[in-house]
Number of protein chains: 2
Amino acid sequence: MNTEQVITMLRKNGHKVTPQRIAICEAVLSNKEHPTAEIIFKKISKQHPTISMTTVYHTLDLLKKLELVHEINFDNRVTRYDSNVSVHVNVICQKCGKISDYESEAIQSQWNRIVSAIKIKPVGQRLDAYVICEDCKG
Amino acid sequence: MNTEQVITMLRKNGHKVTPQRIAICEAVLSNKEHPTAEIIFKKISKQHPTISMTTVYHTLDLLKKLELVHEINFDNRVTRYDSNVSVHVNVICQKCGKISDYESEAIQSQWNRIVSAIKIKPVGQRLDAYVICEDCKG
DNA sequence: ATTCTAATTTGTAATGATTACAGATTACTA
DNA sequence: TAGTAATCTGTAATCATTACAAATTAGAAT
């Protein structure tokens with residue numbers, strides 16, 4: 001989903017379109033690295049020097065409610081935002097914290113089998129696999 | 001794993017065995033409801049009125065390092081502790097926050113297929129399915 | 001185009017779970 | 001039984017996030 005489509009969706013849901021929102025949406029939705037609110041804030045500060053953290057948090061909440069991003073919470077108490085809302089596996093290095101997404105038809109169908117075995121219809125999911133990545137193994 | 005076995009493991013790893021540790025281990029390992037540090041603290045306070053939150057946190061960290069519990073972090077920034085360290089699915093209600101564990105040979109093998117498809121050997125995993133539970137659907 | 005108004009933005013202050021710290025206590029060793 | 005390093009405890013600090021209120025602004029109505 002590109003920014004233009006996000007704007008349309010904002011309007012459709014009765015939300016105002018502001019320069020800050022556009023900037024935040026672009027920054028989050030184009031970033032595949034599961035950024036934190038602070039990373040988004042810093043990236044946007046270059047173009048919007050007066051932007052505040054509060055606005056970033058508000059907009060991320062909005063995107064969360066619109067189901068355009070998912071939150072991923074970690075033990076360091078910093079929330080990361082994932083613009084990949086399809087069924088996928090977050091492969092997370094225990095040492096350096098780097099996250100890689102894995103997405104495939106196979107993963108999708110295995111997960112479907114798991115949820116149907118449990119007899120539930122999830123409204124969302126989070127699949128983490130914790131590893132020590134190649135860089136950290138050395 | 002029962003408390004006696006935990007004591008043995010503590011000794012084997014060179015950690016001292018204290019009444020507080022025994023109480024905390026018993027409370028966490030016997031609780032299937034993914035308690036918070038505060039819940040553990042309150043439960044133990046009855047028998048150990050002078051216990052401190054710091055001790056609870058220290059002991060939970062120890063159990064985490066010994067791989068006897070897993071942390072589950074949520075967006076309200078409160079950490080929950082899961083004494084089920086096998087491969088299982090946390091079915092979490094989006095409204096009331098209740099967590100139910102689902103564990104089976106089938107889940108285990110489906111997950112194994114997923115990780116082998118990705119070509120990784122995880123040191124751990126977290127599988128969440130988000131639902132609206134029957135009580136909250138009403 | 002201008003006005004109006006509710007939504008949004010912003011800066012500051014509050015929150016609260018967790019961690020750091022240092023002194024008192026205690027489990028275990030010899 | 002004494003010695004010592006680990007553990008426990010209470011208090012203070014941390015810091016990501018949220019609450020709040022005043023200033024600004026997008027979009028609707030005129």
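What you see is a predicted model; the values in this text were computed from it and never measured. Order of the sequence lines sets the chain letters (A, B, ...), proteins ahead of strands, with each chain counted from 1. Values below: all heavy atoms of this structure, side chains included; hydrogens, waters and symmetry mates excluded.
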From CD1 of B/Ile51 across to P of C/dT26 the rounded distance in Å is 13 Å

Does A/Arg21 put a side-chain nitrogen or oxygen below 4.0 Å from OP1 or OP2 of C/dT9?
-> yes

Nearest to side-chain heavy atoms of B/Ala37, which nucleotide of D/dT9, C/dT8, C/dT18 = C/dT18

Within-4.5 Å side-chain heavy-atom neighbours: A/Trp111 and B/Val89 = yes

Grab the CD1-C1' distance between A/Ile7 and D/dG27 for me, whole Å please.
-> 14 Å

What is the distance from CG of A/Asn73 to P of D/dC15, rounded to the nearest Å?
-> 19 Å

Do any N or O atoms from the side chain of B/Arg77 and from the backbone of A/Arg77 form a donor-acceptor pair under 3.5 angstrom?
-> yes

Give a yes/no on whether any side-chain N or O of A/Gln20 is located under 4.0 angstrom from OP1 or OP2 of C/dT10.
-> yes

B/Ile39 atom CD1 is separated from C/dT18 atom P, nearest whole Å, by 11 Å

Assign B/Pro19 to base, sugar-phosphate, or nothing according to its heavy-atom contacts below 4.0 angstrom with the strands shown.
-> sugar-phosphate

Would you say D/dG27 has OP1 or OP2 under 4.0 Å from some side-chain N or O of A/Arg11?
-> yes

OP1 or OP2 of C/dA20 under 4.0 Å from side-chain N/O of B/Thr54 = no

B/His34 (side chain) donor-acceptor with B/Lys32 (main chain) under 3.5 angstrom | yes

In whole Å, what is the span from the CG atom of B/Leu10 to the C1' atom of C/dC28?
-> 14 Å

For A/Lys16 and D/dT24, what is the distance between atoms NZ and C1' respectively, to the nearest whole Å?
-> 10 Å

Starting from C1' on C/dT18, measure out to CG on B/Asn76 and report it in whole angstrom.
-> 14 Å

Considering just the side-chain nitrogens and oxygens of A/Ser52, establish if one lies under 4.0 Å of OP1 or OP2 belonging to C/dT9.
-> no

Contact class for B/Thr36 (heavy atom, under 4.0 Å): base, sugar-phosphate, or nothing?
-> nothing

OP1 or OP2 of D/dT17 sitting under 4.0 Å from any side-chain N/O of A/Tyr57?
-> yes

Base, sugar-phosphate alone, or nothing: which one does A/Thr18 contact when heavy atoms must sit under 4.0 Å apart?
-> sugar-phosphate

Rounded to the Å, how far apart are B/Leu63 CG and D/dT7 P?
-> 13 Å

Side chain proximity check, A/Asp101 to A/Glu103, heavy atoms < 4.5 angstrom | no

Can a side chain N or O of A/His15 be found less than 4.0 Å away from OP1 or OP2 on C/dT8?
-> yes

Compare the minimum distances between each of D/dA16, C/dT18, C/dA20 and the side chain of A/Arg77, then state the nucleotide with the smallest one.
-> C/dT18

Flag the pair A/Lys42 / A/Glu38 as yes when at least one side-chain heavy-atom distance between them is below 4.5 Å, and no otherwise.
-> yes

